[in-house]
Amino acid sequence: TLAVAYSFWYPQAYFPKCIKTRRHFFWLTGITTVISTLMSFVKPTLNAYALNCIAFHLLYMTWRELKKCNDKRVHRMAAVMVMWWALAITSWISDRWLCWLWQAINFPYFHSFCYEMPSFKPRLEYWPSDSWPVVVPYVTLEEPHKQC
């Protein structure tokens, strides 16, 4: 998804000097994606850090583009996007590096949150609908019905 987004929507004005056309950029992005995907099987942890580092480039690009824009709604959307990214990366780092701490204080650490709530049953849902060809999967937690 990230590679497709880069290929189609990366501003041509920011292409490196060695790349002259969108087609060249598309192929470079594709080759890089294939190599990084294969490397993720060798070193999955390194792949996760590399993907997270791409966010810094995206933040820089967003900042550059926001300097050209005066629309307050666009700036608000960017601020919300950065806030969600910061929350996600903080959760990921906390889970990755402080797992021992969360276990020591008996706090349900993030990647096993639903396992710490045995009364809830996880169920896979799709947004906007199960019948759509392209969907976003998410997990809902169902509380079991109490039997009297």
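Because only heavy atoms are used, hydrogens play no part in the values below, and waters and symmetry mates are left out as well, while side chains stay in. All values derive from a computational prediction rather than experimental measurement.
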Q) Is Val4 reachable from Ile31 through a run of hydrophobic residues whose side-chain heavy atoms are each under 4.5 Å from the next? A) no
Q | Residues, nucleotides or ligands: over 12 heavy atoms within 6.0 Å of Tyr14 OH | A | yes
Q. Should Trp132 and Trp127 count as side-chain neighbours, where that means a heavy-atom distance under 4.5 Å?
A. no
Q | Within-4.5 Å side-chain heavy-atom neighbours: Arg73 and Met77 | A | no
(Q) Is there a side-chain contact between Gln12 and Phe25 in this structure, where contact means two heavy atoms from C-beta onward sitting under 4.5 Å apart? (A) no
Q) Under 3.5 Å, is there a donor-acceptor pair between the side chain of Ser94 and the main chain of Ser91? A) no
(Q) Please report the interatomic distance CG(Leu87) to OG1(Thr90), rounded to the nearest 0.5 Å. (A) 6.5 Å
Q. Cluster question for you: counting only ILVMFWY and a side-chain heavy-atom cut-off of under 4.5 Å, with indirect links fine, are Leu66 and Leu59 together?
A. no
Q.
Rounded to the nearest 0.5 Å, what separates atom CG in Leu58 from atom CH2 in Trp85?
A. 10.0 Å
Q. Are Asn47 and Phe41 side-chain neighbours, meaning at least one heavy-atom pair lies under 4.5 Å?
A. no
Q. Can you find a side-chain donor-acceptor pair between Tyr60 and Glu65 that sits under 3.5 Å?
A. no
Q. When clusters are formed by joining ILVMFWY residues with side-chain heavy atoms under 4.5 Å apart, either directly or through shared neighbours, do Val82 and Phe56 land in the same one?
A. yes
Q) Roughly how far apart are Thr29 OG1 and Arg22 CZ, rounded to 0.5 Å? A) 8.5 Å
Q: State the OG1-CH2 distance between Thr32 and Trp27, to the nearest 0.5 angstrom.
A: 12.5 Å
Q) Parallel, tilted or perpendicular: which fits the ring planes of Tyr49 and Trp92, with parallel below 30° and perpendicular above 60°? A) perpendicular
Q) Would you say Val74 and Met81 are hydrophobically clustered, going by side-chain heavy atoms of ILVMFWY under 4.5 Å? A) no
(Q) Please determine whether the number of non-hydrogen atoms from other residues, nucleotides or ligands lying under 6.0 Å from atom CG of Asn70 exceeds 12. (A) no
Q) Any chance CZ of Phe15 has more than 12 other-residue heavy atoms, nucleotides or ligands included, within less than 6.0 Å? A) yes
Q) Do Leu28 and Ile35 share a hydrophobic cluster, counting only Ile, Leu, Val, Met, Phe, Trp and Tyr and linking them when any side-chain heavy atoms are less than 4.5 Å apart? A) no
Q | Arg64 side chain reached by Pro11 side chain, heavy atoms, under 4.5 Å | A | no
(Q) For the backbone of Cys69 and the side chain of His75, can you confirm whether one donor and one acceptor N or O come within less than 3.5 Å of each other? (A) yes
**Q.** Value rounded to 0.5 Å, distance of CG in Asn52 from CD1 in Ile93
**A.** 7.0 Å
